[in-house]
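Position 1 is the first residue of the sequence, and the numbers go up from there.
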Amino acid sequence: MSSVVCYRHRWKSIYWYYVIKLKLRNNRKEYVRLFDFDVYVSYADLDLGFVRNDMIQILEHLRGARLYIRDRDSLPGAPISENIIDGIRRSRKTMLLLSQAFLKQKWCRYELHMANMEAVSTGRSVMVIIMLEDIPKNDIPLEILYDFQRSRFLEYPKASSDLELFWANVTAAIEG
């Protein structure tokens, strides 16, 4: 029975373990929420080209957004799970770049769960979802479908004439 309860609350337990660990490491008397980044970007390794060539160029260089990119901004030597929690907590929003590769990568699913826990624990709307490709609804896990209903959801356009509007909407979602 206790193993069922532990399993059911595993994401909450993991989340709070790292939050407390980070608070103790920072050794602050009072925890003040300041954001170092506008958005934590959660992506599959196969989508890194899109992150480097499009997101960094357009959102950071042209529009001035501060992106947390795990391959660039994570603390070397720290556990991956700790870097994920730290990045999500230091960012105002979490952006999921949804693709078939995202759905297959376990760390992407972990980032999704930790972003959901951040939203629940702080009461803030943190999630922005970008559909990079068409994915059949029956392939999308229930926890992501739930986020579709609660979160800002954008589709990457097929026509290049729609790109300017797309990036304007992404910028608005980050700022909102």
Any salt bridge linking R89 with E82? Criterion: basic side-chain nitrogen under 4.0 Å from a carboxylate oxygen.
no
Specify the closest pair of heavy atoms between P157 and D162, including all atoms of both residues, with the distance to one decimal.
CB-CB, 3.6 Å
Can you see which heavy atom on I88 is nearest to which on A115, and at what distance?
CD1-N, 3.8 Å
Closest non-hydrogen atom pair between L67 and R72, with its separation
O-NH2, 2.7 Å
Distance col, row D38:CG vs K93:NZ, nearest 0.5 angstrom, shows 10.5 Å
Would a 4.5 Å heavy-atom cut-off, applied to side chains only, mark V170 and M95 as touching?
yes
Residues in ring pair (Phe, Tyr, Trp, His ring centres under 6.0 Å) contact with Y43, at least two apart in sequence or another chain:
none
Test salt bridge (Lys or Arg N to Asp or Glu O under 4.0 Å) applied to E155 - qualifying residues, sequence neighbours left out:
none
Atom CD1 of I69 and atom OH of Y40: how far apart are they, to the nearest 0.5 Å?
9.5 Å
Show me the side-chain donor-acceptor pairs of residues 47-56 shorter than 3.5 Å, one per line, residues at least two apart or across chains.
{"unit_1": "D47", "atom_1": "OD2", "unit_2": "S99", "atom_2": "OG", "d": "2.6"}
{"unit_1": "N53", "atom_1": "ND2", "unit_2": "G49", "atom_2": "O", "d": "3.1"}

Step-by-step side-chain contact (heavy atoms from CB on, under 4.5 Å) determination, L75 to D86
CA-CA 9 Å; L75 184 63; D86 186 46; over 6 Å; no
Heavy atoms only: give me the nearest N83-A78 pair and the separation to one decimal.
ND2-O, 3.6 Å
Considering all heavy atoms, the nearest L97-F102 contact:
O-CD1, 3.5 Å
Could you measure the distance from the CZ atom of F153 to the CD1 atom of I130? Nearest 0.5 Å is fine.
10.5 Å
Looking at R66 and E60, what are the two nearest heavy atoms and their distance?
C-OE2, 4.3 Å
Look at the rings of Y156 and W167 and say which category their plane angle falls in: under 30° parallel, 30 to 60° tilted, over 60° perpendicular.
perpendicular
How many angstroms lie between CG in L165 and CG in N169, if you round to the nearest 0.5 Å?
4.5 Å
Please check if L46 and W107 belong to a single hydrophobic cluster, counting links between Ile, Leu, Val, Met, Phe, Trp and Tyr side chain heavy atoms closer than 4.5 Å.
no
Hits for salt bridge (Lys or Arg N to Asp or Glu O under 4.0 Å) against D36, two or more places apart or cross-chain, chain-then-number order -> R90
In Å and rounded to the nearest 0.5 Å, what is the CG to CE distance from L112 to M127?
5.5 Å
Under the salt bridge (Lys or Arg N to Asp or Glu O under 4.0 Å) test, residues paired with R70 that sit two or more places apart
D45, E111
Separation between OH of Y110 and CD1 of I84, rounded to the nearest 0.5 Å
6.0 Å
Tell me every residue that passes side-chain contact (heavy atoms from CB on, under 4.5 Å) with I135, counting only those two or more places apart in sequence or in another chain.
L98, Q100, L103, M131, E133, D139, I140
With salt bridge (Lys or Arg N to Asp or Glu O under 4.0 Å) as the criterion, how do E175 and R92 come out once you've worked through the C-alpha distance, each side chain's angles and the decisive distance to 0.1 Å?
CA-CA 9 Å; E175 293 172 352; R92 277 189 309 108; over 6 Å; no
Are M114 and V126 connected in a single hydrophobic cluster, I mean Ile/Leu/Val/Met/Phe/Trp/Tyr linked by side-chain heavy atoms less than 4.5 Å apart?
no
